Amino acid sequence: AQSVTQLDSQVPVFEEAPVELRCNYSSSVSVYLFWYVQYPNQGLQLLLKYLSGSTLVKGINGFEAEFNKSQTSFHLRKPSVHISDTAEYFCAVSPIIQGAQKLVFGQGTRLTINP
Amino acid sequence: EAGVTQFPSHSVIEKGQTVTLRCDPISGHDNLYWYRRVMGKEIKFLLHFVKESKQDESGMPNNRFLAERTGGTYSTLKVQPAELEDSGVYFCASSQLMGLGNTEAFFGQGTRLTVV
């Protein structure tokens with residue numbers, strides 16, 4: 001079985017400041033890792049994913065994440081946030097054998113950008 | 001190309017009533033999933049269709065929930081009778097049937113169900 005822990009339920013930051021949203025996971029098998037974002041009144045949108053290869057993954061809207069196998073982490077970062085980044089962010093994993101067919105999500109982190 | 005579409009966007013029903021949620025996946029996507037987020041909790045997997053067949057329904061909470069996907073196109077999720085604890089946001093997602101190379105699920109906007 002897999003589990004995902006997002007360590008912060010809410011993260012307030014000022015505009016143009018850097019941000020890191022933390023995600024740790026537990027799994028007895030190898031997994032794919034994902035970050036999804038939900039903007040207000042919208043569905044979940046894929047930000048980025050780690051399948052294999054380089055542990056630093058770049059996604060949309062200037063976000064990136066680094067896979068750390070020894071620490072079982074997949075933290076999301078952005079060097080300078082914008083008001084439009086206000087949203088809820090979800091970390092998720094799926095066993096490689098299942099592709100993206102059965103995602104296990106974290107509790108979500110609500111990112112609030114203050115002017 | 002249209003994305004995953006869910007109807008209705010909101011539904012408020014009384015305890016004991018029946019509600020049916022609908023999901024139209026992206027055209028050509030054989031995989032269809034239902035997930036649910038209860039208030040304040042994580043998004044949890046409910047079930048997975050491959051075309052019209054249920055591949056995995058291990059996340060369905062109880063037999064008050066019935067999911068169908070007739071013809072392998074759209075899917076419905078019926079809750080009968082609804083209980084207070086069924087309140088939450090129900091998400092549908094779809095993906096291509098690419099075997100082990102399937103690595104991205106596309107989500108709908110969700111249906112917010114409130115049982116009063």
Side-chain angles (χ1 to χ4, degrees), chain A residues 1-10 21 23-27 29-53 57 59-60 67 74 87-110, chain B residues 2-10 21 23-26 29-51 53-60 88-112:
Chain A
Q2 293 75 44
S3 67
V4 177
T5 302
Q6 292 182 240
L7 297 157
D8 305 295
S9 58
Q10 296 189 62
L21 305 185
C23 172
N24 286 87
Y25 70 94
S26 172
S27 177
V29 299
S30 296
V31 294
Y32 292 143
L33 299 110
F34 306 83
W35 275 97
Y36 279 86
V37 59
Q38 186 179 24
Y39 298 106
N41 301 315
Q42 296 188 30
L44 293 168
Q45 180 181 359
L46 182 67
L47 261 184
L48 49 79
K49 59 187 176 184
Y50 174 78
L51 307 180
S52 64
V57 181
I60 61 171
F67 170 52
F74 191 52
E88 192 159 18
Y89 293 78
F90 298 91
C91 181
V93 302
S94 180
I96 288 177
I97 192 72
Q98 294 181 308
Q101 293 176 12
K102 190 171 182 178
L103 295 165
V104 175
F105 285 90
Q107 299 91 328
T109 298
R110 194 170 293 277
Chain B
V4 177
T5 308
Q6 293 187 244
F7 303 96
S9 56
H10 295 84
L21 314 181
C23 169
D24 286 74
I26 292 173
H29 281 192
D30 288 325
N31 288 309
L32 188 148
Y33 320 87
W34 284 96
Y35 289 83
R36 176 176 75 169
R37 188 184 193 194
V38 172
M39 183 69 70
K41 304 278 190 176
E42 66 271 24
I43 301 168
K44 283 195 170 178
F45 170 86
L46 296 178
L47 88 158
H48 170 210
F49 283 99
V50 177
K51 298 183 181 179
S53 300
K54 290 177 187 174
Q55 186 78 9
D56 181 350
E57 52 185 329
S58 61
M60 294 288 264
V89 180
Y90 290 76
F91 291 101
C92 176
S94 71
S95 68
Q96 291 181 319
L97 188 64
M98 294 165 51
L100 295 180
N102 165 23
T103 58
E104 182 171 352
F106 295 84
F107 282 78
Q109 291 184 288
T111 294
R112 182 175 295 278

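First the proteins, then the strands, lettered A, B, ... as listed; each starts at 1. What you see is a predicted model; the values in this text were computed from it and never measured.
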Q: Among all residues two or more places apart in sequence or in another chain, which pass the side chain to side chain donor-acceptor pair (under 3.5 Å) test with B:Lys44?
A: none

Q: Just verifying a value: how many Å separate A:Ser3 OG and B:Glu42 CD, rounded to the nearest 0.5 Å?
A: 9.5 Å

Q: How long is the span from the CG atom in B:Leu47 to the NZ atom in A:Lys102, to the nearest 0.5 Å?
A: 10.5 Å

Q: Ignoring hydrogens and geometry, is there a side-chain-to-backbone donor-acceptor pair from B:Gln109 to A:Asn41 under 3.5 Å?
A: yes

Q: Measuring heavy-atom distances to chain A, does B:Ser9 have an atom under 4.5 Å in its side chain, in its backbone, in both, or in neither?
A: neither

Q: Drop me the distance from A:Leu44's CG to B:Phe106's CZ, to the nearest 0.5 angstrom.
A: 13.0 Å

Q: Looking at B:Gln6, B:His48, B:Gln55, B:Lys41, which one has more heavy-atom pairs under 4.5 Å with chain A than the rest?
A: B:His48

Q: Compare every heavy atom of A:Leu103 with every heavy atom of B:Phe45, then report the nearest pair and how far apart it is.
A: CB-O, 4.3 Å

Q: Any chance you could lay out the side-chain contact (heavy atoms from CB on, under 4.5 Å) test for A:Phe90 and B:Ile43, step after step, and finish with the verdict?
A: CA-CA 9 Å; A:Phe90 298 91; B:Ile43 301 168; 3.8 Å; yes

Q: Chain A heavy atoms under 4.5 Å from B:Arg37: which part of the residue, side chain, backbone, both or neither?
A: side chain

Q: Within a 6.0 Å radius of atom NZ on B:Lys54, are there more than 12 heavy atoms belonging to other residues, nucleotides or ligands?
A: yes

Q: For A:Gln38, is it the side chain, the backbone, both or neither that has a heavy atom under 4.5 Å from a heavy atom of chain B?
A: side chain

Q: With a 4.5 angstrom heavy-atom cut-off, is it the side chain or the backbone of A:Leu51 that approaches chain B, or both, or neither?
A: side chain

Q: Check the pair A:Phe105, B:Tyr35 against ring pair (Phe, Tyr, Trp, His ring centres under 6.0 Å), reporting the backbone distance first and the verdict last.
A: CA-CA 10 Å; A:Phe105 285 90; B:Tyr35 289 83; 5.7 Å; yes

